[in-house]
Amino acid sequence: MTSRGGSLFLAPVYSFIAAFNLPGADGQDPGAFLRRTALIVRELMPTVGPSVQIATTVLPEVGGGWSLLLPEPMPRLGLLGQEVTDTHAVLIFGDLQRRASASAAKAVLSAWTSGGGDAVAALDGNFSAIVVDRAERTVAVVSDLLGRRTLRTLHAGGALYVSAHDVALAATGACPVEIDRGSSCSIVAADWSIGGRPLLTRVEPCDPAHWLRFQGGRLERLAAPLGLFEGRIDARDTAAVKGRIEQIVDILRANTGAVAAEYDTVNADLTAGLDSRASFSLLASVLPAERIVARTSGAPDCLDVRVARRIAKLAGVRHEPRALEPPVCDDFGRYSSLIAFHMNGDSSAKRAIDRYPAWDEGRPLSVDGGGGEILRGYYYGRPGQYRRVARASAGDIASWFVRKWRRLSALPWRSPDAAAAVHERVQTAVEVMFRRSPDVHDVLDQFYLFERYGRWGAITSRFTWWKSWTPYASPAVVRLAYGLPSPIGTYAAVHDAAVRRFLPEARTILVNNNALLPLQGPGLARKVARDLLYVSGELWRAAAAWRARAVREQRSVDALRADAIAGPLHDYARDVLLSRDSIAVELLGHDAVARLLDEHRAHRRHLEGLCNLLSIEHWRRLVTAAAARGAG
């Protein structure tokens with residue numbers, strides 16, 4: 001197999017399984033074991049994309065290696081890369097910022113040989129890596145700070161199995177299908193598994209705060225340097241604060257330029273919001289206008305389209321509005337299985353109410369504003385909100401999060417234990433964050449970074465058919481931002497600086513009709529003006545929603561999806577969720593699930609809960625089939 005580097009973008013590479021110190025029953029050849037496991041995964045996966053081949057790398061001295069399912073022919077950019085030398089071997093899952101695809105694995109190896117796991121964890125990218133020291137017979141698994149591509153591990157029978165997907169681990173035959181109810185409940189109620197705990201009880205997640213070392217059958221978890229809150233700038237040092245903000249903007253722009261340079265045309269997903277406006281400003285500063293197309297979903301006269309059209313015109317960029325397409329239900333079951341596979345069941349099947357994806361390497365890259373809340377205080381962004389939580393304890397914060405997830409108390413759980421497990425996980429996660437910094441704002445920022453963005457927001461990193469990129473997914477940027485005075489995101493200073501430098505005319509256009517960039521910053525007069533503008537904007541939105549015409553025009557994607565689950569997909573959802581061994585029945589009971597389905601059909605109130613359950617159930621069927629074949 002030829003050596004391939006990591007990539008900046010997602011390509012149709014489906015899965016991999018790495019295994020080391022394999023049990024030597026009957027003198028089993030590691031290569032044969034790996035190929036057989038990969039074959040089971042390929043057979044169980046939905047038929048998607050181009051045909052695939054299985055490529056295996058065996059490292060005899062460590063009793064294992066890895067198998068990859070690769071498309072044939074190989075695309076220009078590959079998701080997985082490897083580098084094998086006489087002394088080391090590296091497998092990388094993801095990308096490094098401003099690294100060519102042929103050099104990412106080499107960069108990981110260089111960092112490892114110079115500084116070990118700490119140096120690899122400090123690299124700027126969206127990746128996980130397996131590093132093998134062939135002489136020392138040691139295996140390490142390391143992830144980046146953001147944790148959106150963390151791997152899964154199974155330590156069983158003296159062997160370590162590693163993959164991005166639970167199905168591959170189940171196919172080894174070493175992983176019994178035992179469902180973690182706490183993870184199931186968390187996904188249904190909060191939209192992701194708090195703490196990143198897998199749905200399989202025997203599987204362990206890789207954590208950005210740790211890297212793993214495996215040697216001689218023994219697995220260790222070693223602390224990784226997060227680099228947060230170090231060398232914090234004093235709030236009174238305004239020159240240093242301004243310099244840090246400009247440094248962050250410089251890195252955002254350099255990363256954007258490196259990515260965009262590889263494409264003749266780049267699509268910019270532009271809305272009336274702040275995150276997409278800042279990323280669009282960065283893109284417009286590094287590419288000529290004729291190479292950019294601004295795109296916005298919605299009716300021609302909706303707020304997003306109107307504002308995006310104005311901003312695109314200021315930059316001389318062509319703007320294309322996109323009407324919301326009606327749901328496509330024909331491939332819902334197959335598409336749901338695909339999503340469940342890539343997200344390990346930790347996602348919503350509502351995304352499968354759409355046209356089945358196509359793998360088109362020639363399509364343009366989309367640059368969006370995903371994750372921009374990292375730099376502007378997602379959980380305390382509204383007026384006065386950050387002040388109200390200043391004296392909260394870990395218990396207060398955990399309870400506040402639990403109250404936000406109303407499904408946790410509203411759904412008719414069969415047992416209170418699952419909901420209690422979610423609360424306990426939130427409490428544990430928050431306590432860890434408090435130990436890193438006692439500042440409540442820092443805790444809220446960490447929760448967004450490691451939980452909502454790192455786990456819930458991982459879909460763009462794991463869906464191999466999405467060709468999108470965001471400038472905010474940079475560990476180097478995040479580390480610099482977390483060195484700003486607390487609260488780091490109150491005034492959206494980085495966004496304001498980017499727009500002010502590269503598209504100053506857009507600074508005076510209202511953000512989502514209730515914020516103005518020139519009003520960002522400290523000071524009583526600005527605070528009062530921000531609050532008044534925010535309140536008036538919210539009143540305007542409420543008045544617009546009250547008018548029947550406005551309601552029809554602003555019909556959301558989720559409203560259309562809810563109609564599909566209540567209508568053409570109702571019978572399918574009922575068959576899946578009410579099957580005898582479904583997780584939905586185990587968690588809620590047969591009668592409760594049937595009632596939820598009927599209520600949704602009548603009132604459309606349970607889209608998220610039902611679609612989360614559907615994704616978990618599709619995942620369970622894939623994993624159960626993989627385990628059965630692996631055991632056989």
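In this text the structure is predicted, and so the values were computed from the model without any measurement.
- Side chain of Asp144 to backbone of Leu146: a donor-acceptor contact under 3.5 angstrom is found.
- Side-chain contact between Leu365 and Val367 is present, with at least one heavy-atom pair separated by less than 4.5 Å.
- Remark: Arg604 engages Asp563 in a salt bridge, criterion side-chain N to carboxylate O under 4.0 Å.
- At least one donor-acceptor pair closer than 3.5 Å links the side chain of Ser474 to the backbone N or O of Val477.
- Side-chain atoms of Ser183 come within 3.5 Å of backbone atoms of Pro198 as a donor-acceptor pair (strictly under, hydrogens ignored).
- Between Ile509 and Val307 there is a side-chain heavy-atom pair separated by less than 4.5 Å.
- Between the His495 side chain and the Leu274 main chain, no donor and acceptor come within less than 3.5 Å of each other.
- Rounded to the nearest 0.5 Å, atoms OG (Ser281) and CZ (Phe502) are 8.5 Å apart.
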_Full working for side-chain contact (heavy atoms from CB on, under 4.5 Å) between Tyr356 and Leu338_ = CA-CA 10 Å; Tyr356 198 75; Leu338 180 65; 3.8 Å; yes
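- Listed by first then second residue, pairs satisfying salt bridge (charged side-chain N to carboxylate O under 4.0 Å, His left out) with a partner in residues 272-299 read Asp275-Arg376, Arg295-Glu320, not counting sequence neighbours.
- The OG1 atom of Thr150 lies 11.0 Å from the CZ atom of Arg148; values are rounded to the nearest 0.5 Å.
- Using a cutoff of 4.0 Å between basic side-chain nitrogens and carboxylate oxygens, Arg98 and Asp124 are not scored as salt-bridged.
- Using a 4.5 Å cut-off on side-chain heavy atoms (C-beta onward), Asp95 and Arg149 make contact.
- Side chains of Asp304 and Thr296: a donor-acceptor N/O pair is absent below 3.5 angstrom, by distance only.
- Taking the six-membered ring for Trp and thresholds of 30 and 60 degrees, Phe341 and His165 have nearly parallel ring planes, at less than 30 degrees apart.
- In this structure, the separation between CG on Leu91 and CG on Leu68 is 5.5 Å, given to the nearest 0.5 Å.
- A distance-only check finds no donor-acceptor pair linking the side chain of Arg309 to the backbone of Pro321 [under 3.5 Å].
- Residues Phe93 and Phe127 keep their aromatic ring centres 6.0 Å or farther apart.
- In this structure, Ile311 and Leu270 have side chains that are in contact, with non-hydrogen atoms separated by less than 4.5 Å.
- The shortest non-hydrogen separation linking Gly345 to Ile616 is O-CG1, 3.6 Å.
- Proximity of Leu169 to Leu200: side-chain heavy atoms (C-beta onward) are nowhere separated by under 4.5 Å.
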_If you apply the rule salt bridge (charged side-chain N to carboxylate O under 4.0 Å, His left out), what do you find for Arg500 with Glu246, and how did you get there?_
CA-CA 11 Å; Arg500 186 177 65 248; Glu246 295 301 320; 3.6 Å; yes
*asked:* Determine whether Ser615 and Ser348 satisfy the following criterion, side-chain contact (heavy atoms from CB on, under 4.5 Å), listing intermediate values before the conclusion.
replied: CA-CA 6 Å; Ser615 187; Ser348 174; 5.9 Å; no
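- Remark: Gln446 CD to Ile374 CD1 distance equals 12.5 Å, nearest 0.5 Å.
- Although no hydrogens or angles enter the test, the distance criterion places no donor-acceptor pair under 3.5 Å between the side chain of Ser163 and the main chain of Ala168.
- With hydrogens and angles disregarded, a donor-acceptor distance shorter than 3.5 Å links the side chain of Arg561 to the backbone of Lys350.
- Sparse packing is recorded around CH2 of Trp456, with 12 or fewer heavy atoms of other residues, nucleotides or ligands lying under 6.0 Å away.
- In this structure, a donor-acceptor pair under 3.5 Å is present between the side chains of Thr271 and Ser276.
- A salt bridge does not link Arg197 with Glu451: every distance from a Lys NZ or Arg NE/NH1/NH2 to an Asp or Glu carboxylate oxygen is 4.0 Å or more.
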*Stepwise, does the side-chain contact (heavy atoms from CB on, under 4.5 Å) test hold for Arg42 with Leu39?*
CA-CA 5 Å; Arg42 184 175 69 178; Leu39 182 61; 3.3 Å; yes
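- Judged purely by atom type and a 3.5 angstrom limit, Arg35 has no side-chain atom pairing as donor or acceptor with the backbone of Thr56.
- Donor-acceptor pairing under 3.5 Å is lacking for the side chains of Ser468 and Ser366.
- Between Asp496 and Arg507, at least one side-chain N (NZ, or NE/NH1/NH2) sits under 4.0 Å from a carboxylate O, which counts as a salt bridge.
- The shortest non-hydrogen separation linking Ala349 to Phe332 is O-CE1, 3.3 Å.
- Here the side chain of Asn344 pairs no donor or acceptor atom with the backbone of Asp346 at under 3.5 angstrom.
- Ring geometry for Phe463 versus Trp465: interplanar angle under 30°, hence parallel rather than tilted (30 to 60°).
- Remark: aromatic rings of Tyr335 and His618 are distant, center separation not under 6.0 Å.
- Taken from CG in Asp269 to CH2 in Trp469, the straight-line distance is 13.0 Å, to the nearest 0.5 Å.
- Residues satisfying the salt bridge (Lys or Arg N to Asp or Glu O under 4.0 Å) test with Arg351, not counting sequence neighbours, are none.
- Side-chain atoms of Glu373 and Tyr448 include a donor-acceptor pair closer than 3.5 Å.
- Two residues are said to be in side-chain contact when any heavy atoms from C-beta on lie closer than 4.5 Å; His600 and His570 fail this criterion.
- Put simply, the side chain of Trp619 reaches to within 4.5 Å of the side chain of Asp166, judged on heavy atoms.
- Contact record, Ser193 with Ile187: N-CG1, 3.7 Å, taken as the closest heavy-atom pair.
- The existence of a salt bridge linking Asp331 and Arg334 is confirmed by a sub-4.0 Å separation between a basic side-chain nitrogen and an acidic carboxylate oxygen.
- Annotation for Ala312 and Ala294: closest pair CB-CB, 4.0 Å, computed over non-hydrogen atoms.
- Across every non-hydrogen atom of Ala473 and Pro475, the tightest pair is O-CD, 4.0 Å.
- Between Leu283 atom CG and Asp368 atom CG the span is 11.0 Å, to the nearest 0.5 Å.
- You'll find the side chain of Glu608 reaches within 4.5 Å of the side chain of Asp558, heavy atoms only.
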*asked:* Run the side-chain contact (heavy atoms from CB on, under 4.5 Å) test on Leu375 and Tyr472 for me, step by step, so that the C-alpha distance in whole Å, both residues' side-chain angles and the decisive distance to 0.1 Å come before the verdict.
replied: CA-CA 8 Å; Leu375 304 176; Tyr472 306 111; 3.8 Å; yes
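- Of all heavy-atom pairs spanning Pro208 and Phe450, the tightest one is CB-CE2, 4.4 Å.
- Within a 6.0 Å radius of CZ in Arg322, more than 12 heavy atoms belonging to other residues, nucleotides or ligands are found.
- Ser347 places no side-chain N or O within 3.5 Å of a backbone atom of Met343 that could act as its donor or acceptor partner.
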